[in-house]
Amino acid sequence: MSTELEIALVLGTAFLWVTVTLTILSAIDRPERKARRQERRDIRTEKRRIEYRPVAAGPHAQGRNRHPRSRRLHPH
């Protein structure tokens with residue numbers, strides 16, 4: 001066998017071994033990663049949820065012309 005063919009076979013075998021190993025490892029970890037992703041998504045949507053509070057009843061609730069609060073941008 002020529003040296004170039006032997007080098008090609010060794011490199012091809014190494015590439016195949018790495019590919020198969022990574023495929024097996026990613027298949028083993030997939031359900032756990034999926035569960036973690038879902039948990040993070042639930043936490044993010046929970047933070048974005050708006051809590052509505054009832055308006056306080058009283059004489060100041062109606063009849064006053066108040067200016068709305070200006071919106072300020074907050075960095076994330």
Side-chain angles (χ1 to χ4, degrees):
M1 250 198 264
S2 69
T3 307
E4 291 87 11
L5 186 58
E6 289 175 2
I7 292 172
L9 282 173
V10 169
L11 290 177
T13 305
F15 179 74
L16 185 65
W17 181 81
V18 168
T19 305
V20 170
T21 304
L22 290 178
T23 304
I24 291 171
L25 287 176
S26 88
I28 289 172
D29 195 32
R30 187 167 291 142
E32 185 181 333
R33 283 186 292 143
K34 185 177 180 182
R36 266 189 264 135
R37 247 192 335 263
Q38 182 65 37
E39 185 179 339
R40 282 188 303 235
R41 187 178 302 132
D42 291 342
I43 289 170
R44 278 196 311 267
T45 55
E46 197 174 288
K47 284 182 182 177
R48 275 189 240 143
R49 197 166 290 143
I50 299 171
E51 232 177 83
Y52 292 101
R53 292 179 292 204
V55 176
H60 63 278
Q62 295 175 357
R64 289 183 65 185
N65 292 330
R66 289 180 23 173
H67 295 287
R69 293 182 183 171
S70 62
R71 291 188 148 211
R72 294 183 182 149
L73 297 177
H74 299 285
H76 285 53

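One-based numbering along the sequence shown. The model shown is predicted, which means the values in this text are computed figures rather than measured ones.
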* Could you pull out all residues at least two apart from Arg40 that satisfy side-chain hydrogen bond (donor to acceptor under 3.5 Å, both in side chains)? => none
* To do: Please list, chain by chain and in numerical order, all residues satisfying salt bridge (Lys or Arg N to Asp or Glu O under 4.0 Å) with Arg33, sequence neighbours excluded.
  =>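 If we apply the salt bridge (Lys or Arg N to Asp or Glu O under 4.0 Å) test to Arg33, skipping adjacent residues, the hits are Asp29.
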* side-chain contact (heavy atoms from CB on, under 4.5 Å) against Ile43, all qualifying residues, sequence neighbours excluded -> Glu39, Lys47
Considering only distance and modelled atom types, tabulate donor-acceptor pairs under 3.5 Å from the side chains of residues 4-16, sequence neighbours left out.
{"from": "Thr13", "atom 1": "OG1", "to": "Leu9", "atom 2": "O", "distance (Å)": "2.7"}

* Please report the shortest heavy-atom distance between Thr23 and Thr19, naming the atom on each side. => OG1-O, 2.7 Å
* Other hydrophobic cluster members with Leu25, side-chain heavy atoms of Ile/Leu/Val/Met/Phe/Trp/Tyr under 4.5 Å, chained? -> none
